[in-house]
Structure formats: C-alpha cells, structure tokens
Amino acid sequence: MKKVVLAYSGGLDTTCCVKWLKDKGFDVVCFSANLGSEFSPDDLRKKAKKSGVSKLYVKDLRKEFIDDYIVPVLKASAIYEGKYVLSTALGRPLIAKHLVDIAHQEKAEYVSHGCTGKGNDQVRIELGVMTLDPGLKIIAPLREWDLTSRESEIAYAKKHDLPLSATKEKIYSIDKNIWGISVEGGTLENLTIKPDDNSYYFVKPLQKARDKETFLEIEFKNGVPISLNGKKVPLITMIEKLNLTGADCGVGRTDLIEDRVIGIKSREIYEAPAAWILHFAHRELEHLTLDRETLFMKYDLASKYAWLVYRGLWFTEFKASLDALIERSQGPVNGSIGLSLYKGNITVISRSSKNALYKKEMATYGEGDRFDRTLAEGFIKVLGMPYIK
Ligand code: ARG
C-alpha cells in the first residue's frame, strides 16, 4: 500500500485530507507539531483515530523552533514589509524538515499538507521538502479536490462522520505559535471598516491597555536575549512573559496589506508582542555596539533575509551564507536595553554595554570634550571633493 505522511493539525482542512487520501488508496500517517499554540496531544490522538489515521507522530518542537528559527531571524532583524515578524512563515520549514524525517523513518514515498492553493504556506512547505529530499512526492489535496469552500468541507466531513472541532464556526482564519499570531479573513477582508474588537486575539485594544508605563530590561549575549529584568531565563520563558506583558500594554499588533509569494495582495493582522519587544531591544543594542558599516550592512540584509524566510528558502546556500555573515556580526552585541511599554508604544529608556562604541567624550557638547574640531574642516573638504564641478 502507498504510504503518505500528512502534516496534520486536526482542523477541518487536514481532517478532510485524511479521508480524501485514504479514498485515493493511501495508508495515512500523520504528524503534528507543537510550536506554541493551544495544543492537546490527547485531543489530536482521538481525532486522528476517528479519522482513520494509521499512526500519529506528535512532537513538541518549541525549543528547536526558538533556537534554530527564531534566534537567527532575530539576529537578522528580519521583518517582512515592515510589519510582519514572520511567525507563521518561520514554522513551515521546521514542519517540512520533520515531515521529511518521518517520511524516511516510515519509508513513505509521499508527503502531504492541508495548505490552500492561494497561500504562502504551500510554497514554504513544498520548497522545504524539495530542498531536503527532491525524491519525495508531494500531494496537496486542497489544490485537487472539488471542496472549494468551508461549507463544502463541513458537508463532506459530516457525510463521512469525520470529527469536527467542538468550537463554533470560526470568524477568522488564525495561525498561532510562540512567535506570533496571524489573523485574516471574515470582516478583515473589508478594508474600509475598523477591525472588530473580536479580531483582537490577545493584544489589548489601546483603550483597554494598561494605563501605566511598564518597565523592562533585557540583556543580550552575542545577539541572543539571555535575561529579563536582571534574571537569567530560558528564551522560551522570556518570550512567553513578554507576550503577556506586551499584550497587556497593547504592544505588538500590526495590520498589513501583504504581498503574497504568488502575487496576491491580502490583508492580515498580526499580534506578536514578544517578537516586537525583542527586535526593538536587539536593534537598539546593535546601534550601540556595531560600527556603522556593519550596522548599515545589517539594515541592507534584513529585508533580503525577511524575503527569503517569507518565500520558504530556508534550506538553501543563500540562507546559510547570510547566517554566517550575521552570526559573525553578533560578537559585540552584548549588554542591556531598558524599555518602557505604554499603550502600544515601545520606548528605549536606557542602554549599556561593555562593547559600546558610544564615547561620551567625543559626543558631548559639555565639559570634557576630546573631539579635535580642527580636523573637521579638512575632512569635509576631502569628502566633498568628488562632487565639485
Ligand atoms: N500571511 C501570513 C504568512 O503568509 C500568515 C498566513 C496564515 N494566516 C492565517 N491567518 N491562517 O506567513
């Protein structure tokens, strides 16, 4: 019997995928990854069993997600189109990697996913699989079957007695992991009206956000956050805490008209308090500790890095080369950044580093100035020389 490994969430799409693949004659093995969403392995097991899945792999990948995916993106300051911290995008190559591993373990020739034919995720998962093992065959039921709406999928599931989530019909399409939440669809597709309060997933709307400043201090070592308010904490704990604190202060929600890989423009809302706080602090520390050529290079590369993550070119030489360069740049990125959060704003309030390139005796307008201002005249003349006609 042909065997397929399906990336499985237990939601409507992948539940229908199981039945559809079985009807095509496949033995269906499933894989579910915990990247920090609400996640119940027991629930998944029950659903998978009821759907006719022959074997289910459940993996907690939060640590790998943070160490090998989130940290490089943080070091790279990669943010897509200025507003998207790439939370959903980043999870896809990781899922692809484990899909391939399980396919090898199970000696399956096929892998499958429940991504739509209009989105980015099909591109990311398939590019991930292709680059890791070009020999695997990929099946995307949502591009093939004639269930073209949510309603038709529900009807199909009911007809075949497939397990449906107990939750009532969802208003929005939501994807969640520890690095952020993506919310789209429903009334958000209407660009001319204010997003409904129910589109706020956990970040508080500004009028309900905490009405006092919240102070934080984050310490970094070689570009990696290591302590929060003077206490060393595992990064997973820090991210969880910053998500809660930031959300309470209304921080980290963005609203983007986004350019999808396949050319469609779409509207998505993101909530990612921890990601924004950490990017902000990391960038501040880089300004303090990196020479300007390195800093400018990093600004140039940040959008390239974001674009590669967005497209799913994770397992490529290009990505590995950028990583090597960025990794090398993080040597001096050590020190602490103090921040204030208030009503959606992140403000820097203090900076300190043993690698600081800021020299008060050079910058000062007060007593103790050590800058030799007589050098400036010649410097400017030489600087302007190429432009004099
Ligand atoms: N637009 C985002 C991306 O392509 C998120 C996609 C999933 N969004 C969702 N609401 N289910 O990375």
Side-chain angles (χ1 to χ4, degrees), residues 62-80 82 85-87 89-90 93-94 178-179 216-239 241-242 272 274-310 313-339 346-363 370-371:
R62 287 175 301 169
K63 179 144 176 28
E64 185 178 356
F65 188 42
I66 291 173
D67 294 346
D68 298 348
Y69 294 76
I70 290 175
V71 166
V73 151
L74 179 63
K75 287 177 179 168
S77 304
I79 296 173
Y80 185 61
V85 296
L86 296 161
S87 42
L90 259 186
L94 176 57
I178 190 161
W179 201 231
L216 298 173
E217 191 178 57
I218 300 166
E219 186 189 350
F220 290 82
K221 186 169 179 220
N222 303 127
V224 183
I226 53 164
S227 69
L228 179 61
N229 300 331
K231 249 211 216 124
K232 293 244 180 311
V233 279
L235 194 44
I236 184 166
T237 313
M238 192 183 315
I239 293 172
K241 281 198 174 148
L242 291 177
W276 281 102
I277 293 167
L278 290 173
H279 270 300
F280 187 102
H282 177 258
R283 197 47 126 189
E284 283 298 330
L285 191 58
E286 288 195 324
H287 272 264
L288 183 63
T289 56
L290 297 185
D291 67 83
R292 69 180 176 193
E293 297 308 326
T294 307
L295 187 64
F296 293 177
M297 170 195 76
K298 286 208 70 253
Y299 269 95
D300 290 344
L301 294 183
S303 63
K304 288 198 172 31
Y305 204 101
W307 182 220
L308 94 80
V309 175
Y310 192 78
L313 299 179
W314 191 261
F315 302 109
T316 58
E317 278 305 314
F318 178 45
K319 143 88 169 49
S321 310
L322 286 183
D323 272 342
L325 190 62
I326 289 164
E327 185 56 37
R328 168 73 203 229
S329 76
Q330 297 298 288
V333 186
N334 300 302
S336 294
I337 297 295
L339 300 174
I346 310 173
T347 311
V348 60
I349 53 173
S350 66
R351 308 154 163 103
S352 71
S353 169
K354 64 175 175 17
N355 304 108
L357 298 177
Y358 172 84
K359 297 185 182 77
K360 184 154 180 284
E361 68 276 18
M362 287 293 151
R370 301 270 310 275
F371 181 72

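For reference, positions follow the sequence shown, starting with 1.
The closest side-chain heavy-atom distance from Glu217 to Leu228 is not below 4.5 Å. When side chains are defined from C-beta on, Tyr305 does not count as touching Lys298, because their heavy atoms never get closer than 4.5 Å. For the pair Asn334/Asn222, a side-chain contact is recorded, criterion being any heavy-atom separation below 4.5 Å from C-beta on. Put simply, the side chain of Leu216 reaches to within 4.5 Å of the side chain of Asn229, judged on heavy atoms.
Annotation: the span from Phe280 atom CZ to Thr347 atom OG1 amounts to 6.5 Å, rounded to 0.5 Å. Taking CE from Met297 and CD1 from Ile326, the interatomic distance works out to 7.0 Å, rounded to the nearest 0.5 Å. Atom CG of Leu339 and atom CD1 of Ile349 lie 7.0 Å apart (nearest 0.5 Å). Within the model, atoms CD1 of Ile66 and OG1 of Thr237 stand 8.5 Å from one another, a figure rounded to the nearest 0.5 Å. Atom CH2 of Trp307 is separated from atom CG of Leu313 by 9.0 Å, given to the nearest 0.5 angstrom. For the atom pair CG (Leu285) and CZ (Arg351), the distance works out to 10.0 Å, reported to the nearest 0.5 Å.
In terms of heavy-atom proximity, Thr289 sits nearest to Val333 at OG1-CA, 3.8 Å. Residue Ile337 comes nearest to Ala281 through the heavy atom pair CG1-O, 3.4 Å, listed as atom of the first residue, atom of the second, then distance. When all heavy atoms of Ser77 and Ala302 are compared, the pair lying nearest together is O-CB, 3.5 Å. Contact between Leu278 and Phe220 at its shortest, heavy atoms only, is O-CZ, 3.9 Å. What you find for Trp276 and Gly82 is that their closest heavy atoms are CH2-O, 3.4 Å. Taking all atoms of both residues into account, the shortest heavy-atom contact from Val85 to Ala272 is CG2-CB, 3.6 Å.
Between Glu219 and the options Ser336, Pro225, Ser353, a side chain to side chain contact (heavy atoms under 4.5 Å, CB included) holds for only Ser336.
In this structure, Glu361 places its CD atom where more than 12 heavy-atom neighbours from other residues, nucleotides or ligands lie under 6.0 Å away. Atom NZ of Lys319 has more than 12 neighbouring heavy atoms from other residues, nucleotides or ligands inside a 6.0 Å radius.
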- Passes side chain to side chain contact (heavy atoms under 4.5 Å, CB included), Leu295 versus His287? Steps please. CA-CA 7 Å; Leu295 187 64; His287 272 264; 3.5 Å; yes
- Message: ring-ring contact (aromatic ring centres under 6.0 Å, His included) for Tyr69 and Trp314? Distances and angles first, verdict last.
- Response: CA-CA 9 Å; Tyr69 294 76; Trp314 191 261; 4.9 Å; yes
- Assess whether side chain to side chain contact (heavy atoms under 4.5 Å, CB included) is satisfied between Ile218 and Leu242, documenting all intermediate values. CA-CA 10 Å; Ile218 300 166; Leu242 291 177; 4.2 Å; yes
- Begin with the C-alpha distance, continue with both residues' side-chain angles, and end with the deciding distance and a verdict on side chain to side chain contact (heavy atoms under 4.5 Å, CB included) for Lys75 and Val71. CA-CA 6 Å; Lys75 287 177 179 168; Val71 166; 3.7 Å; yes
- Message: Set out, in order, the CA-CA distance, both residues' side-chain angles and the distance that settles side chain to side chain contact (heavy atoms under 4.5 Å, CB included) for His282 and Val224, then state yes or no.
- Response: CA-CA 8 Å; His282 177 258; Val224 183; over 6 Å; no
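In this structure Lys304 satisfies the salt bridge (Lys or Arg N to Asp or Glu O under 4.0 Å) test with no other residue, sequence neighbours excluded.
Side chain of Lys221 to main chain of Ser227: no donor-acceptor pair is present (N/O by atom type, distance under 3.5 Å, no hydrogens or angles).
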